[in-house]
Amino acid sequence: MTAPVEARRLTKRYGTLTAVDNLDLCVQPGEIYGFLGPNGAGKTTTLRMLLGLIRPTSGEVRLFGRAPGRLDGVGALIEGPAFYPYLTGRDNLRVMARHAGVAPARVAAVLDQVELTVRAGDRYATYSLGMKQRLGVAATLLKDPRLIVLDEPTNGLDPAGMADMRLLVRRLGAAGCTVLLSSHLMTEVQELCDRVGVIAAGRLVAESTVAELRGEPGLRLVAAPAGRCRGTGPKPARPARRPGHRRRSATHRAPRPALPS
Amino acid sequence: MHSPRRLSRSGDATRLADDIRAETTKLVRRPAIWALLAIAIGLSLTFTYLIPYAGYAGGTGGPRADRGLAALLPDQLVGNSIGGLPVFLGALMLILGVLAVGSEYASGTWKTVVTQDPARLRVYAAKLVTVCLAALAGVLAVFAVGAVASIAVALAESRTMTWPGAGDLLAGVGAGWLIAAMWTVLGALSGIALRGVALPVGLGLVWLLAVQNLLALIAAPLLGWVAQLQKALPGPHAGSLVAALGASGDTPGVEARVSGDRAALIVGGYLLVFAAAGDALLRRRDIL
Ligand SMILES: Nc1ncnc2c1ncn2[C@@H]1O[C@H](COP(=O)(O)OP(=O)(O)OP(=O)(O)O)[C@@H](O)[C@H]1O
Ligand SMILES: [Mg+2]
């Protein structure tokens, strides 16, 4: 099985600013991968490039081995939900289901999954932040995806909403869906993910399994732009320590992740 | 979550039809679109029938009084219905195009749409098909309301009703649709180029309602090259096309400068150029 996400030497420059710098990323089938980094690190920019929303300055992206522009089986919520304010939540999803080429009958199911059925008949403009976020997640589920990309999915949610969201992500993972999730919260990533990549100033500075993360004082640091997709099997039952492209000791350009843990 | 049950249907034509249905829902459920239609009908009724008829009935003279009653009867339906398209109905059509496309930027929904269907060209084509059909509906509505108004005038003044021939009617609706579609697609293009709604609507209106007139009335008589340049613009060609089909020269923007056929060809050419330019921009640019 080909890797759901594979990016090589991905770079995006805006004028003199390098938002993403030679980033290598590989997410294995069935994995919940956490993409961790502070504000402005380049998480959203990377995810946008993966989905073909923005064009990389250089580098390559493959989703399930396909060039960008093919997103069947891929659901994504990038930087907050966006819908038509004058339509109801349900009609917004119907419209998106049509765009996705998915039977409108699917709408009821995804509304149920995010527990928004009761308010689905209200206009999107009247939704609270958390309800908007839930609708955004519902839209990512329309295609019954094999890969879900969630950019800070717990943004704007209250503690109960966050717990719901995490439960949903776990369920997706348990059902065999690959999840790529960005966050600035170490705790969230630790709680949810199998593997974590830390991005700072556009570079992937560390990559580790959560087990490693828990057992060690610091993250393993990426020595060089590496992270090739190697193993292509499903995720191991217990995340194993993987040899190779990571170096244990800190390097000067890979400081400690400036994140709460 | 992932199951072998695949819900997506295949086939490009099916997907295009799905996108068109999505776009239709967005348009039809949007109150602003209905407000535009109501304004289009209200303006044409007021300026083509109500005010001229009030002028005629009151016998007060005024710039259009010479047209008199004859201009309000059913046989003038074609010219009366499309006469507004070079300027004020055109402005409303432009707003329609901006709303349909620019709103995707304003509400940030492009990313939601293109993660569902990443074929930007297909989504854009669906948008153009939908707004052009909406433009046709607008043109037909103006014809229908005009027909009713002219019947009312004929009955009130006890005149015999002569209707335009079917061929003239068809040509009128076709030409009206062509012009309406051109402005609508220009609106779509400006929505993409300026990534929003407010600025393209503002600039579009300034162009259609002010700059076109300034060029025609002030600059063209003074400078030969402006006169030449002006002849190449879409507005004057729309004006020539409706003039060839019987629109009154009293209406702003209506003036026979070139033949109807030539004008239709050029308006059609602008339509295609605007559509292609929008596609090129949308495809090339990042979606944020
Ligand atoms: N369209 C753009 N034009 C110019 N600079 C941009 C653009 N988009 C992103 N950037 C810059 O790229 C850098 C990375 O931004 P990005 O949105 O990817 O960060 P992020 O990791 O998602 O941050 P956050 O956690 O705040 O969402 C930032 O410095 C940002 O200002
Ligand atoms: Mg971000």
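These numbers were taken from a predicted model, which means no experiment stands behind them. In what follows, chains carry the letters A, B, and so on, assigned in the order in which the sequence lines appear, proteins first and then strands, with residues in each chain numbered from 1.
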**Asked** Do A:Lys132's NZ or CZ and the ring of A:Tyr124 fall within the cation-pi criteria of under 6.0 Å and 45°?
**Response** yes
**Request:** Measure from NZ or CZ of A:Arg146 to the centre of the six-membered ring of A:Phe64, then state whether that distance is under 6.0 Å and the direction lies within 45° of the axis.
**Result:** yes
**Complete:** Looking only at B:Leu288, B:Val123, B:Thr25, the option with the highest number of non-hydrogen pairs under 4.5 Å against chain A is B:Leu288
**Item:** Option that, when pairs with chain A are counted at under 4.5 Å, heavy atom only, ranks first among B:Ile20, B:Val113, B:Asp117
**Value:**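 Ranked by heavy-atom pairs under 4.5 Å with chain A, first place is B:Val113.
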Side chain, backbone, both or neither: which part of [X] has a heavy atom under 4.5 Å from chain B?
{"X": "A:Leu51", "value": "side chain"}
{"X": "A:Val74", "value": "backbone"}
{"X": "A:Asn92", "value": "neither"}
{"X": "A:Arg55", "value": "both"}

**Prompt:** What do you reckon, is CZ of B:Arg30 surrounded by more than 12 foreign heavy atoms closer than 6.0 Å?
**Reply:** yes
**Message:** Heavy-atom cut-off 4.5 Å, strictly under: side chain, backbone, both or neither for B:Arg122 against chain A?
**Reply:** neither
**Prompt:** Does a donor on one side chain sit under 3.5 Å from an acceptor on the other, for A:Asp21 and A:Thr11?
**Reply:**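 No, no side-chain donor-acceptor contact under 3.5 Å.
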**Request:** Decide whether A:Asn39 and A:His184 meet the rule of one side-chain donor and one side-chain acceptor closer than 3.5 Å.
**Result:**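 A donor-acceptor contact under 3.5 Å links the two side chains.
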**Request:** State whether A:Arg123 and A:Asp91 are salt-bridged, where the test is any N-O pair (Lys NZ or Arg NE/NH1/NH2 against Asp/Glu carboxylate O) under 4.0 Å.
**Result:** no
